[in-house]
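Taking it in order: structure first as structure tokens, then the write-up.
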Protein chains: 2
Amino acid sequence: MRKNAVEQLSEYLAGQGLRSTTQRDQILQVFISAGRHLSAEELYLRVKKPHPNIGYATVYRTLKLLAEAGLADERRFEDGFTRYEYKASDDHHDHLICTKCGAIIEFENERIEALQQDVARKNHFLVQNHKLELYGLCGDCRKKDR
Amino acid sequence: MRKNAVEQLSEYLAGQGLRSTTQRDQILQVFISAGRHLSAEELYLRVKKPHPNIGYATVYRTLKLLAEAGLADERRFEDGFTRYEYKASDDHHDHLICTKCGAIIEFENERIEALQQDVARKNHFLVQNHKLELYGLCGDCRKKDR
DNA sequence: CTACGTATTGAAAATGGTTTTCAATATCAA
DNA sequence: TTGATATTGAAAACCATTTTCAATACGTAG
Ligand SMILES: [Mn+2]
Ligand SMILES: [Mn+2]
Ligand SMILES: [Zn+2]
Ligand SMILES: [Zn+2]
């Protein structure tokens with residue numbers, strides 16, 4: 001999976017007349033092996049350890065690039081940071097976000113997706129993408145809360 | 001409706017040990033009579049005309065205050081601005097947002113809401129609030145697009 | 001393999017929406 | 001009316017992200 005992603009990036013870069021660089025490969029490697037829903041700063045800190053000479057701006061630039069290349073999804077939750085998650089396939093999912101501990105749970109629900117299409121159709125609307133986020137308390141935080 | 005909202009604000013302010021001011025009332029008046037989903041700057045410009053001495057920061061502060069008072073809903077779509085809409089009752093709605101012309105269509109769908117609760121329940125999650133936004137092309141823009 | 005045009009990089013400065021600071025002013029309970 | 005303090009307007013600060021710019025790395029033509 002790791003090697004494949006680097007190849008995927010190379011192909012995208014070549015196709016766009018862009019260049020493969022060691023920084024881009026290194027950032028991608030760390031990105032994939034790190035946890036999901038990382039902010040640019042979180043990734044920067046993780047990249048810094050093995051590759052101390054990589055700059056902040058390059059991490060920002062590379063994350064945007066990965067999103068364009070289809071290797072990452074860009075997410076903006078309500079915490080003021082743009083977050084990215086590695087995207088292996090074309091599958092889509094939405095999120096439950098704990099307002100107390102920050103935990104993020106992913107889910108898919110094709111019935112909701114279908115109903116969204118119904119809503120769109122009724123309004124002569126063509127959906128390109130959507131965002132569904134449920135904010136509240138996760139199981140753990142509900143227990144601790146009492 | 002207009003007078004009632006000003007009263008509602010006064011009651012909230014009194015209850016919180018805060019003060020009623022002419023600026024707050026004036027901003028609320030303009031806010032209600034203006035269109036929906038306004039950014040702070042849009043409201044500021046509208047407020048400026050009848051009340052040229054009101055400051056930028058006061059508009060920002062008052063919008064946050066109206067949200068706390070339950071008189072406004074805060075929305076963050078994907079355009080980088082926080083937007084506010086007047087909230088008369090406790091009803092909830094979601095949005096279709098045209099990526100071409102910026103049109104915003106509101107909708108309610110209780111079947112989707114119910115399914116969201118199902119998802120939450122399955123994940124031992126207690127939903128406090130949620131965000132559902134469908135981005136794409138509105139009817140008009142679909143026609144023009146061909 | 002080498003040279004050259006240019007894409008990319010890192011550091012620092014800039015950007016832009018929003019928030020904070022601060023001295024002057026307004027509110028309101030006593 | 002007075003005094004304690006909440007609020008205001010203007011300007012500065014904040015802060016995530018983007019841009020600038022000179023130095024460097026990439027990759028292809030030769
Ligand atoms: Mn996710
Ligand atoms: Mn709305
Ligand atoms: Zn939690
Ligand atoms: Zn449109």
Side-chain angles (χ1 to χ4, degrees), chain A residues 6-7 9-31 37-45 47-69 72 74-84 102, chain B residues 6-7 9-31 37-45 47-69 72 74-84 102:
Chain A
V6 174
E7 272 172 32
L9 179 58
S10 289
E11 282 167 30
Y12 174 80
L13 292 171
Q16 300 287 316
L18 303 174
R19 293 175 182 172
S20 287
T21 66
T22 55
Q23 288 94 331
R24 284 171 175 167
D25 287 349
Q26 291 170 339
I27 291 169
L28 175 55
Q29 302 268 6
V30 176
F31 176 60
H37 311 116
L38 275 84
S39 68
E41 175 161 30
E42 285 166 350
L43 180 55
Y44 172 70
L45 292 175
V47 167
K48 261 295 175 188
K49 280 184 249 172
H51 312 295
N53 44 328
I54 288 185
Y56 209 72
T58 302
V59 173
Y60 268 94
R61 288 187 282 230
T62 301
L63 281 171
K64 301 209 88 174
L65 185 69
L66 294 179
E68 286 162 22
E74 215 172 311
R75 308 279 186 188
R76 266 175 285 272
F77 302 139
E78 296 284 90
D79 64 355
F81 299 88
T82 300
R83 297 179 173 282
Y84 294 83
Chain B
V6 174
E7 274 172 30
L9 178 58
S10 289
E11 282 167 30
Y12 174 80
L13 292 170
Q16 300 288 314
L18 304 175
R19 294 175 181 173
S20 287
T21 65
T22 55
Q23 288 94 330
R24 285 173 174 167
D25 287 350
Q26 291 169 339
I27 290 170
L28 176 54
Q29 301 268 6
V30 175
F31 176 60
H37 311 117
L38 275 83
S39 67
E41 174 160 32
E42 285 166 352
L43 180 56
Y44 172 70
L45 293 175
V47 167
K48 261 294 173 188
K49 281 183 247 173
H51 311 295
N53 45 329
I54 288 187
Y56 210 72
T58 302
V59 172
Y60 269 94
R61 287 188 282 232
T62 301
L63 281 171
K64 301 210 89 175
L65 184 69
L66 294 179
E68 286 161 24
E74 214 172 311
R75 308 279 187 188
R76 266 175 285 273
F77 301 139
E78 296 284 88
D79 64 356
F81 299 89
T82 301
R83 297 179 173 283
Y84 294 83

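Proteins get letters first, then strands, A, B, ... in listed order; numbering begins at 1 in each. Heavy-atom basis, side chains included; hydrogens, waters and symmetry copies ignored.
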In whole angstrom, what separates [X]'s [atom1] from [N]'s [atom2]?
X: A:Lys48; N: C:dT9; atom1: NZ; atom2: C1'; value: 12 Å
X: A:Arg75; N: D:dA16; atom1: CZ; atom2: P; value: 21 Å
X: B:Leu9; N: C:dT27; atom1: CG; atom2: P; value: 14 Å
X: A:Asp25; N: D:dC26; atom1: CG; atom2: P; value: 10 Å
X: B:Arg61; N: C:dA26; atom1: CZ; atom2: C1'; value: 14 Å
X: A:Leu66; N: C:dT8; atom1: CG; atom2: C1'; value: 15 Å
X: A:Glu42; N: D:dC15; atom1: CD; atom2: P; value: 17 Å
X: B:Glu68; N: D:dT7; atom1: CD; atom2: C1'; value: 15 Å

Which residues share a side chain to side chain contact (heavy atoms under 4.5 Å, CB included) with A:Arg76, sequence neighbours left out = A:Glu74, A:Thr82, A:Lys131, B:Glu78
Heavy-atom closest contact ([X] atom, [Y] atom, distance):
X: B:Gly55; Y: B:Tyr44; answer: C-CE1, 3.8 Å
X: B:Leu63; Y: B:Ala40; answer: CD1-CA, 3.7 Å
X: B:Leu9; Y: B:Leu65; answer: CD1-CD2, 4.4 Å
X: A:Glu42; Y: A:Ser39; answer: OE1-N, 2.9 Å
X: A:Arg19; Y: A:Arg24; answer: O-NH1, 2.6 Å

Determine to 10° how strongly the helix from C:dC1-D:dG30 to C:dA30-D:dT1 is bent, judged from the axes of its five-pair ends.
-> 30°
Results of ring pair (Phe, Tyr, Trp, His ring centres under 6.0 Å) for A:Tyr60 - residues two or more places apart only | A:Tyr56
Within the structure, does a side-chain N or O atom of [X] lie under 4.0 Å from either OP1 or OP2 of [N]?
X: A:Gln23; N: D:dA25; answer: no
X: A:Arg76; N: D:dA16; answer: no
X: B:Gln16; N: D:dA6; answer: no

Could I get a table of every N or O pair under 3.5 Å where one atom is in the protein and the other is in nucleotides 27-30 of chain D?
from, atom 1, to, atom 2, distance (Å)
D:dG27, OP1, A:Ser20, N, 3.2

Would you kindly compare B:Asn53 and A:Thr22 by the position of their nearest DNA chain D nucleotide and give the one closer to the 5′ end?
->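 Checking each residue's closest nucleotide, the 5'-ward one belongs to B:Asn53.
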CD/A:Gln16: more than 12 non-hydrogen atoms of other groups inside 6.0 Å | yes
Nearest 0.5 Å please: distance from the [atom1] atom of [X] over to the [atom2] atom of [Y].
X: B:Glu68; Y: B:Leu18; atom1: CD; atom2: CG; value: 8.5 Å
X: A:Asn53; Y: A:Gln23; atom1: CG; atom2: CD; value: 7.0 Å
X: A:Thr22; Y: A:Ile54; atom1: OG1; atom2: CD1; value: 7.0 Å

List every contact pair, protein side and nucleotides 13-19 of chain C side both N or O, where the distance is under 3.5 Å.
from, atom 1, to, atom 2, distance (Å)
C:dT18, OP1, B:Thr82, N, 2.7
C:dT18, OP1, B:Thr82, OG1, 2.9
C:dT18, OP2, B:Tyr60, OH, 2.8
C:dT19, OP1, B:Lys64, NZ, 2.9

Hey, does B:Arg24 reach any base, or is it just sugar-phosphate, or nothing, if we go heavy atoms under 4.0 Å?
-> sugar-phosphate
Quick one: side chain to side chain donor-acceptor pair (under 3.5 Å) partners of A:Asp25, sequence neighbours excluded?
-> none
